[in-house]
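Worksheet for the structure shown next.
Naming convention: chains lettered A, B, ... in sequence-line order (proteins, then strands); numbering from 1 in each chain. This one's a predicted model, so the numbers in the text were calculated from it and none came from an experiment.
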Number of protein chains: 4
Amino acid sequence: MAQNTASDSSRRNERSQRAILEAALSLVGEVGYEKLTIEGIAARAKVGKQTIYRWWPSKAAVLLDAFTAESEAGDFESFLPDTGDLAADLKFSLRATVDEFNDPNFQAPYRALAVAAANDAAAAEQFTSRLLEPGNKVYISRLHSAQEAGDIAADADLRIAAELLLGSFSQRWLMRTGELTYEFVDTVVDMVVNGLRHGA
Amino acid sequence: MAQNTASDSSRRNERSQRAILEAALSLVGEVGYEKLTIEGIAARAKVGKQTIYRWWPSKAAVLLDAFTAESEAGDFESFLPDTGDLAADLKFSLRATVDEFNDPNFQAPYRALAVAAANDAAAAEQFTSRLLEPGNKVYISRLHSAQEAGDIAADADLRIAAELLLGSFSQRWLMRTGELTYEFVDTVVDMVVNGLRHGA
Amino acid sequence: MAQNTASDSSRRNERSQRAILEAALSLVGEVGYEKLTIEGIAARAKVGKQTIYRWWPSKAAVLLDAFTAESEAGDFESFLPDTGDLAADLKFSLRATVDEFNDPNFQAPYRALAVAAANDAAAAEQFTSRLLEPGNKVYISRLHSAQEAGDIAADADLRIAAELLLGSFSQRWLMRTGELTYEFVDTVVDMVVNGLRHGA
Amino acid sequence: MAQNTASDSSRRNERSQRAILEAALSLVGEVGYEKLTIEGIAARAKVGKQTIYRWWPSKAAVLLDAFTAESEAGDFESFLPDTGDLAADLKFSLRATVDEFNDPNFQAPYRALAVAAANDAAAAEQFTSRLLEPGNKVYISRLHSAQEAGDIAADADLRIAAELLLGSFSQRWLMRTGELTYEFVDTVVDMVVNGLRHGA
DNA sequence: GCTTAAGCGAGACGGTACGTCCGGTCTTAGA
DNA sequence: TCTAAGACCGGACGTACCGTCTCGCTTAAGC
């Protein structure tokens, strides 16, 4: 968690912390990241402002904790099966991700975090290591298994392959340059899997 | 330009407008987008705040004008040649883009615009139509010519192909998940071109 | 007035200034000096806090202006007649002052100013020069005329005589060590006038 | 002492109490009454805040105890001799008081107490009964002996006489309207004694 | 001598106000 | 009429203290 080093976390008031994270999530859904204020969170959580500042360095940090706390409650990482059919497996997972990113309750805080990360290298580091990279790993690992099965080129750079899959998806979503549809991810998967097949 | 409809643009003071755009660019390079303020721009440009509010609806709009004004001064769009060798042409262009995005003077305002766009759909629309889409078009058009030459599958979705090329690039840059290098774009191009070759 | 040097007073909004002074006076009467807050004044005056900070350096300064503005509206300085009978004239004036200091509307802000002055040398300087000293002068001048008439010793220190009259009064009021009555001031006047009669 | 009734004073930690009083005195000398904080005292005394709140109801009460504790250590009440020469005796005593009030170590906490008393009737009651009134009594008693000796009028109000002596002194000091000098108190004494001589 | 209730240092907590910054609107003087 | 300047109302910032409230811990009294 992102607490200040100065304070003794064993004395945290659980009830307050939960109220803060819940307030942050619900508020960011209502007003967006830029209009999200620490005062607003404190007011909704019925908490003193200092209680937020004591434990988090910025609203981005609050939001990150809020988001991951909720995600860990459900089963966070979208499931990526390994049926032996790489393209099918990738499509399955990415279609689930499409649904997720079309859900306003997921989208609002996630966009807020992305904005914070784009803005500030420190936030980006947190965002990446706690949200993006775990997702990447799942894809890389599936690609690796395909590689070992001989389905894709032995020398393919799997990290970059994952970036093709997820970067195009992210960009379309973040800049709203198009709808996130099953067709879109299917096409992306086909192109990438095809590209990986014969020496790249 | 993004001016308000209310004012008569023939009466604009050119000197002031230029000073505002220059001030916006230099300030965003110094303090970043979130700490960029209208008051700060006005003060540096030695201009009344109202003069900014009269002609632009938001700091994102100022910045967008500032950025495009500078870009148009130089030759903005990265040149994409058509030598007949698709992969080589794409690499040539993307390597130039790598250089551009590694230039701090370019990077700071562009990142600011991307943040504004990620935040706000209206800003995104402007950002996309004035900066992203023109770039996309260049790539799509080159892909189209390759398609007509029979180098890539006839039924390939060229827009999505361009998104693969540029989205992975953008994501890596925006979230700072890795360095932008020639090797990176070369690999991306090879994968994508390979993927386009045989029906996708 | 106690405005900051930085601002151009010709651009003050009269309505706001008046509202601030009125709010300060009414609030100090309701809650006392220590619980008087700039935020409270701003809220009651329907004014931004900055508008107070722009023109006054402290709540003591606001209050001093508020108090003197009101006083100048009425005829501030208690009238001290010169009938030729020094003791009678002093009693007349001090009895009026007794009434004034027994009036809650007068007392609350005046006590607030006295507290501020006792606390802080800068406030004391303002308080003294704008409120105490003018009062002193009136008494000294009446004593001077009595001295010229031969009613009191030629070498008497009139400023100190005034301090005896007003200091004992002030102390009793400020520390609430006794009631302010006509009898009290009459006795004080008799003692002091008697003491001044034969070389002191 | 001003302790709360709720607590059992036999269990007080002497060391802590002393540290609190010393911290209060030294801090008030450094920052003044308004900027004196309970947290600051606790921090300097290396004591929990609750230990202060347990034993004193306000910072004024702490300060009053701190001040009287120190005073009782030395011989607090300025000696007022009775040589038969009233004026000389009063001058002797008041000159000593002048020295006292010109001593910064004495002045700072005493001013703080006076401010607290001026502000708040409850503090005033404590301040008066524990510091002012004992001083008054000494003067009244000396005047009484002079009255019995026939040096001053038999019907003179001796309390008011004492108020003349001490009130003018206090006022000059509190509002810093002039220096406290031997000449000043000498003149005050001469006027008052003279005024008391023949029926007042 | 053991236990148990208190005082204790520490500091988190819900609050209030601070003094500052900036947003976006409005007013004024001058070119 | 547009501009530079900046006052205005409003709202959020991040900080300082308030007075209350747990926490473990020490410690002294009374069983």
- Task: Please report how far the helix from dG1(E)-dC31(F) to dA31(E)-dT1(F) bends, comparing the axis fitted to its first five pairs with the axis fitted to its last five, to the nearest 10 degrees.
- Result: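 That helix has its two terminal axes inclined by roughly 10°.
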Atom [atom1] of [X] to atom [atom2] of [N]: distance rounded to whole Å?
| X | N | atom1 | atom2 | answer |
| --- | --- | --- | --- | --- |
| R12(A) | dC23(F) | CZ | C1' | 17 Å |
| R15(C) | dC26(E) | CZ | C1' | 14 Å |
| Y53(C) | dC8(F) | OH | C1' | 17 Å |

- Do the side chain of K59(A) and the main chain of L36(A) share a donor and acceptor less than 3.5 angstrom apart?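 A pair under 3.5 Å: yes.
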- Selection: residues 43-52 of chain A, any non-hydrogen atom under 4.0 Å of DNA chain F: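 DNA chain F contact set from residues 43-52 of chain A: K49(A), Q50(A).
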I want to check something: taking the side chain as every heavy atom from C-beta on, are [X] and [Y] in contact at a cut-off of under 4.5 Å?
| X | Y | answer |
| --- | --- | --- |
| R18(B) | L21(B) | no |
| F67(B) | L131(B) | yes |
| L174(A) | L174(B) | yes |

- Assign each of N13(A) and R11(C) to its nearest nucleotide of DNA chain E by heavy atoms, then name whichever residue's nucleotide is nearer the 5' end.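 It is N13(A), whose closest nucleotide lies nearer the 5' terminus.
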[X] vs [N]: side-chain N/O to OP1/OP2 distance below 4.0 Å:
| X | N | answer |
| --- | --- | --- |
| W55(C) | dG6(F) | no |
| W56(D) | dG19(F) | no |
| Q17(C) | dC8(F) | yes |

- What residues in residues 24-41 of chain B put a non-hydrogen atom under 4.0 Å from any atom of DNA chain E?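 Heavy-atom cutoff 4.0 Å gives T37(B), I38(B), E39(B).
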- Query: Across the strands shown, which category fits S16(A) at heavy-atom distances under 4.0 angstrom: base, sugar-phosphate, nothing?
  - Reply: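 It contacts sugar-phosphate atoms only.
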- Residue pairs fulfilling salt bridge (charged side-chain N to carboxylate O under 4.0 Å, His left out) with at least one residue in residues 112-126 of chain A, sequence neighbours excluded: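 Counting only pairs at least two positions apart or across chains, no salt bridge (charged side-chain N to carboxylate O under 4.0 Å, His left out) contact touches residues 112-126 of chain A.
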- With R176(C) via side-chain hydrogen bond (donor to acceptor under 3.5 Å, both in side chains) - residues at least two apart: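 Expected list: none.
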- Message: For dT3(F), does the base pair up with any side-chain atom of R54(B) as donor and acceptor (N or O, under 3.5 Å, distance only)?
- Response: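 Between dT3(F) and R54(B), which were checked side chain against base, a qualifying N/O pair under 3.5 Å is absent.
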- Task: Sequence neighbours left out, what passes side-chain contact (heavy atoms from CB on, under 4.5 Å) with A19(C)? Give chain and number order.
- Result: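 A19(C) satisfies side-chain contact (heavy atoms from CB on, under 4.5 Å) with A45(C) only.
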- Message: Does R12(A) qualify as a cation-pi partner of W56(A), given the criterion of NZ or CZ under 6.0 Å from the six-membered ring centre and within 45 degrees of its axis?
- Response: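 Because its charged atom sits under 6.0 Å from the ring centre and within 45° of the axis, R12(A) does stack over W56(A).
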- Message: Before you tell me yes or no, could you show the steps for E39(C) and I52(C) under side-chain contact (heavy atoms from CB on, under 4.5 Å), namely the whole-Å CA-CA distance, both residues' side-chain angles and the distance that decides it to 0.1 Å?
- Response: CA-CA 9 Å; E39(C) 290 205 338; I52(C) 301 181; over 6 Å; no
- Report the residue from R130(A), Q126(A), Q17(A) that forms a side-chain hydrogen bond (donor to acceptor under 3.5 Å, both in side chains) with D65(A).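 The passing option is R130(A).
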- Query: Between Q107(B) and R111(B), does any side-chain donor sit less than 3.5 Å from a side-chain acceptor?
  - Reply: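 Note: Q107(B) and R111(B) side chains meet the donor-acceptor criterion.
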